[in-house]
Amino acid sequence: MFCIYYLGLYLFLFGACIGHYSDWDGNPVFEQMCSSLYPHAFTKYLPRGNLSLNIFTTRTDVTDIERCVTTCCNELHCNVALMHNDTCYHVKCTNSKMCLPLYRPNLSNENPPSMVLVKPVKDNEMWSELLSQANDETRPLLMDNIDDNRIVFDTDTINCMYQSDCAPNEICIRLEEKDDVSVCRCDLGFKRNIAGTCMAINEMENAELGVTPQMNAQISKGTTTSAKPILKELLVSAVSKEVRLPENEVTLSAYTMPAEQENEHYNYAWSLLSQPEGHTGTMIDQNRITVKLSNLSEGLYRFKVAVSSPNAYGEAYANVSVLPPKRINQAPIAIISPASQVVKLPNTGAVLDGSTSKDDDHIISYHWELQQGPIGYQPNLVDTPTLQLDNLIAGNYTFKLTVEDSDHVTNFTKANITVLKVIDYPPSANAGQDVIIYLPQNTLILNGNLSTDDRGIASWEWTKSPSDQNKAVDMQFTRTPYLHLSNLVEGMYTFVLKVTDDSGQSSSAEVHVFVKPPTNKPPKANAGENITIALPETRTVLDGRKSKDDIKIVFYRWKQISGPSIVDFSAVNESITNVTKLTKGDYLFKLTVIDDNGNTDSDTVAVKVTQNKNAAPKANAGGDQVIIAPIVALILNGSQSSDDLRIGQWLWTRESSSLAVGTIIEGTDKSPILMLTDIVPGRYLFKLKVTDEQGLSNEDTVSVIVKPDPQLLHLVELTLNIGANVLTELQKNSLVVKLQMLLRDEATIVVRNLRAEPRTGKAVLIFYVEKKGGKEMMSGPEVVKRLKQKLKQDSGLLQLSVANIDTALCQNNCSGHGVCDQETRQCMCEAFWMQNLIQKYFGNGESNCDWSILYVLIALLSLVVCWVGLVWGLICMCQRMCTSKRRILRPKKKLARYSLLQPEPEDDVPHTKMVLSDSDADSYDVLFEHCKTRSNSHMRNGKTRNGL
């Protein structure tokens, strides 16, 4: 690897000696500047001072590192040569430390920059000392950043004054050609290595080959050690060649020094380094001293030849430049239009056009000559493509045009002009002089009124020349002396005027019209004279119609430059415009005009507005309005109010008959535009009062009627169990699509609003549904009913949890006996009416006012009576059952028969005898028992009372 490195170094120095880099050879400046050059080159490093402390100069004429270093050595103030992206930079450093390399890890690995330390800033400085004193970031670079693909220069010299200035194995010697310059050179038997120190030649070669001192010791003792042979440096050169198509074959030969000997054979290896993109070629005998190349294409081919033998190696480079074939020049063709023409006096002008002359490349010169003409005519001929002649006299003329092409080949042609005298007998037609116009002007009027006749001309007739029948042109007024032409195109036209006198004699004349490409003369803007007006006049007219152009002005632009107020233009892109909203003061306006070639020009005009007397302002509140809810804000525009000078104060006030609901945005009631929020349906009435700066005022009233929302009964509110602050646009769109699918294709969802619920912050989507076709609306309750049915079947259809679905406006009629509270959606029943609790809690859950309180009380009382009777009956039944059970359990005894005691017979009452049956007897037994019990009780009580 090191052998290849030094071989490349040697080949470069050899090329400099033979003149490839001839500016090095014998150049004392180079020897002085590069006397301290060390072989220190660095990859992916830049000078430490960068652009802030160093000066970088770009050398655009240098594209390789070798040439970059060469030119840096020849410059007095170049310290570092830097190569990056095939561009050479010469760096001038403020001091040598700013030249030291600094690693840049962020630089690209594919094409990193390369820098070579050329000269320190001061003569007494050396790169070796500066690098040895550098920090650890730079010091390892001395060996690690030199590669074999870049040539690094070693002059083996260092400036010195004393022997002590030189390193070991170096001597300080004075140069013979420069008595005041001393340098350090390696002593005999030593050579400077890649690290910059002088090393014994045999040790250096062993180090390059990897032979250690121990290996040398073994070799000296006769021990067999395998080592690579030392390759000699073989100087190889190849001459670059150049061929021109259609020749596409060439040979390249390699030359060696020393030449090939009889007992030594060289091996040759030719390789292609680069070729024109998209092209190929053929290479034969690439392993011989001469290679044959064929089938070459236009472009540059780069080749490398490597020559080697068992003990020598060398390589060289050569280029083959394939040039395009030479163009075979063709002579130009000179053309004059028209080739022959007749001019009748008193016309004295003619045009000869040679611009249509042709050449395979281009014509570089035109030369006109008068070969034949009447005596006394001295023309002033100008060598231009189109020759315009004047002051012609009667006679025959022959003009010669000579044209010369880019290869200096000439050709010529001739044209004839006949100038005739005025004939007195028949009429003399005169179509006028030849005319040249420049596009975009494509209209022209030809004047034939110079035609004459001794008795007067009876008729006129304009026609196109037969040779111009295929050229487009519109002709009008062909029976008059003035021919109107339009829609002309580039080229030459010939028009014929035929005049006839009263005797039927006629005469004809031709006129040529040359239509040329557009010219580039700029237009001339004219904004008009300065204007002065007096208030209350607040408008004026700006007139730019006096602006001129040689062809046509295609664009006008008016602009206000200065003034006390912003004015309004009726049209800013017209030549004339009205200016309004002028107030007292001085204004400056600018007019810019552009022609069809893009040329521009500008002019200004001043307008002065004075005030003779003050006029009251005129308020304009904007006019009455009728709008339909919903609206975010109500805007009343009073900016159309006007004053002869300026309105100083605006004041909006709400009339007493206006709706009170609505919040005025702060500050807008004292500005030209009033903004009102929180609007409800109804009528709003506001008064605008404007006051000018001198205290005069005026008022205007505006009425705004806000109609209810026509879709209010169709709006549906869908409340989601998700915060409005987290609902995304994607989720909202997906929700609308899924709702559309639930309602089928017969309906279209129109989103009216998306808001946050005030108390919970949940997202509320407000929408209505259009039936197919958009002409009818689906009622809100119907939409709510359908969606509730769908979500009841599957609550996950929308993928977003739904908290509630209801109409935006509560549409419950509360059974006709109450009103629905919009906030709570509950019915507020009328007096003596209440909610049907059964339907509320066991039915569909809707609030209602179905029950009458009177009927409910009667029903409750009846229910209570029924319950009391039922309970009493149950109690009585239970008591009887208990009595029957005791009777059944008592032992049966033979019932004794009793008879009623007969009272003492009375004289006036007859005695009756009673006989009792068994059933009667049982009854009486019970009665007897009862009476006996009571009798005993009375007896006990009587004893007690009587003390018995």
| Spacing of Glu537 atom CD and Ile533 atom CD1 [to the nearest 0.5 Å] | 5.5 Å

| request: Would you indicate whether Phe555, at its atom CZ, is surrounded by more than 12 heavy atoms from other residues, nucleotides or ligands within a distance under 6.0 Å? | output: yes

| query | Looking at side-chain heavy atoms only, is the closest gap between Leu293 and Leu252 below 4.5 Å? | reply | yes

| message | Would you say that more than 12 heavy atoms from the other residues, nucleotides or ligands in this model lie under 6.0 Å from the CZ of Arg545, or not? | response | no

| query | What is the distance from atom CZ of Arg557 to atom CZ of Phe569, rounded to the nearest 0.5 Å? | reply | 9.0 Å

| query | So which of Val511, Leu444, Val435 actually passes side chain to side chain contact (heavy atoms under 4.5 Å, CB included) with Phe495? | reply | Val511

| Just wondering, do Leu389 and Ile417 contact through their side chains at under 4.5 Å, heavy atoms? | yes

| Donor-acceptor pair, side chain of Tyr301 and main chain of Ser297, under 3.5 angstrom | yes

| Given the rule in the side-chain hydrogen bond (donor to acceptor under 3.5 Å, both in side chains) test, do Asn329 and Asp405 qualify, once you have shown the distances and angles that lead to the verdict? | CA-CA 9 Å; Asn329 183 53; Asp405 65 9; 3.1 Å; yes

| Can you tell me if Asn295 and Thr282 form a side-chain donor-acceptor pair at under 3.5 Å? | yes

| note | Partner of Leu352 under side chain to side chain contact (heavy atoms under 4.5 Å, CB included), picked from Thr386, Leu381, Ile336, is Ile336

| task | Report the C-alpha separation of Tyr317 and Ser240 in whole Å, then their side-chain angles, then the decisive distance to 0.1 Å, and conclude whether the side chain to side chain contact (heavy atoms under 4.5 Å, CB included) test is met. | result | CA-CA 8 Å; Tyr317 299 88; Ser240 299; over 6 Å; no

| message | Using only atom types and a distance under 3.5 Å, with no angle test, would you say the side chain of Asp353 pairs donor to acceptor with the backbone of Ser355? | response | yes

| said: What verdict does the side-chain hydrogen bond (donor to acceptor under 3.5 Å, both in side chains) test give for Lys344 and Ser507, after you've listed the backbone C-alpha separation in whole Å, the side-chain angles of each residue and the deciding distance to 0.1 Å? | reply: CA-CA 11 Å; Lys344 294 183 179 181; Ser507 176; 3.2 Å; yes

| query | Any idea which heavy atoms bring Pro325 and Arg244 closest together, and the distance? | reply | CA-CG, 4.1 Å

| query | Which atoms form the tightest heavy-atom contact between Pro522 and Asn599, and what is the distance? | reply | CA-CB, 3.6 Å

| said: Would you compute the distance between atom NZ of Lys524 and atom CD1 of Ile553 and round it to the nearest 0.5 angstrom? | reply: 11.5 Å

| message | Can you confirm whether Thr500 sits close enough to Ile457 that some side-chain heavy atom of one is under 4.5 Å from a side-chain heavy atom of the other? | response | no

| Main-chain N/O of Pro672 paired with Ser639 side-chain donor or acceptor, under 3.5 Å | no

| Asp64 with Arg67: basic N within carboxylate O range, under 4.0 Å | no

| request: Please say whether more than 12 non-hydrogen atoms of neighbouring residues, nucleotides or ligands are located less than 6.0 Å from NZ in Lys590. | output: no

| Do Asn347 side-chain atoms and Gln433 backbone N/O form a donor-acceptor pair below 3.5 Å? | no

| message | Counting only heavy atoms not in Glu277 (residues, nucleotides, ligands), do more than 12 fall under 6.0 Å from its CD? | response | no

| task | Determine, stepwise, if the pair Asn416 / Thr398 fulfils side-chain hydrogen bond (donor to acceptor under 3.5 Å, both in side chains). | result | CA-CA 5 Å; Asn416 298 319; Thr398 300; 3.2 Å; yes

| request: Can you establish whether the number of heavy atoms outside Gln388 located under 6.0 Å from its atom CD is more than 12? | output: no

| task | First locate atom CD of Glu404, then atom NE2 of His362, and finally report the distance between them rounded to the nearest 0.5 Å. | result | 10.0 Å

| query | Nearest heavy-atom pair of Pro564 and Gly585: which atoms, and what distance? | reply | CG-CA, 3.9 Å

| task | Enter the distance from Arg646:CZ to Lys584:NZ here, rounded to the nearest 0.5 Å. | result | 10.0 Å

| Minimum heavy-atom separation for Leu446 to Val513, with atom names? | CD2-CG2, 4.0 Å

| request: May I ask you to test the Thr87-Thr60 pair for a side-chain heavy-atom distance under 4.5 Å? | output: no

| request: Answer yes if the side chains of Thr583 and Tyr587 hold a donor-acceptor pair under 3.5 Å, and no otherwise. | output: yes

| request: Give every residue pair that meets the salt bridge (Lys or Arg N to Asp or Glu O under 4.0 Å) criterion with at least one member in residues 431-449, sequence neighbours excluded. | output: none

| request: State whether the side chain of Ser357 and the backbone N or O of Ala334 hold a donor-acceptor pair below 3.5 Å, judged by distance alone. | output: no

| More than 12 heavy atoms of other residues, nucleotides or ligands under 6.0 Å from CG of Asn573: is that the case? | yes

| query | Short question: side chain of Asp359, backbone of Ile363 - any donor-acceptor pair under 3.5 Å? | reply | no

| query | Between Ala429 and Leu497, which heavy-atom pair has the shortest distance, and what is it? | reply | CB-O, 3.6 Å

| field | Pi-cation contact, Tyr438 with Lys516 (under 6.0 Å, within 45°) | value | no

| Do the ring centers of Tyr397 and Tyr377 come within less than 6.0 Å of each other? | yes

| said: Just verifying a value: how many Å separate Trp558 CH2 and Thr592 OG1, rounded to the nearest 0.5 Å? | reply: 9.5 Å

| Do Val291 and Met283 come close enough that some side-chain heavy atom pair is under 4.5 Å? | yes

Below 3.5 Å, can you tabulate the donor-acceptor pairs from side chains in residues 484-492 to any protein atom, sequence neighbours excluded?
from, atom 1, to, atom 2, distance (Å)
Asn487, ND2, Asp474, OD2, 2.4

| request: Just do the side chain to side chain contact (heavy atoms under 4.5 Å, CB included) check on Phe589 and Asp603 with the steps written out, would you? | output: CA-CA 9 Å; Phe589 299 95; Asp603 188 27; over 6 Å; no

| query | Salt bridge or not for Lys414 and Glu369, using N-O below 4.0 Å? | reply | no

| request: Check whether any side-chain heavy atom of Leu591 lies under 4.5 Å from a side-chain heavy atom of Tyr556, and answer yes or no. | output: yes

| request: Output all residues satisfying salt bridge (Lys or Arg N to Asp or Glu O under 4.0 Å) with Asp586, sequence neighbours left out; order by chain, then residue number. | output: Lys608

| Hey, mind stepping through Asp361 and Asp407 against side chain to side chain contact (heavy atoms under 4.5 Å, CB included) and telling me if it holds? | CA-CA 9 Å; Asp361 187 13; Asp407 290 317; 5.6 Å; no

| query | Can you check side chain to side chain contact (heavy atoms under 4.5 Å, CB included) on Val567 and Thr580, steps first, answer last? | reply | CA-CA 6 Å; Val567 303; Thr580 58; over 6 Å; no

| query | Short question: side chain of His90, backbone of Cys68 - any donor-acceptor pair under 3.5 Å? | reply | yes

| field | 4.5 Å side-chain heavy-atom contact, Thr410 and His408 | value | no

| query | Is a side-chain N or O of Ser465 found less than 3.5 angstrom from the main chain of Thr494, in a donor-acceptor match? | reply | no

| With no hydrogens and no angle check, is any side-chain donor or acceptor of Asn449 less than 3.5 Å from a backbone partner on Tyr482? | no

| task | Kindly indicate whether the side chain of Lys471, heavy atoms from C-beta on, has any atom under 4.5 Å from the side chain of Tyr493. | result | yes

| Donor-acceptor pair, Asp501 side chain versus Gly456 backbone, under 3.5 Å? | no

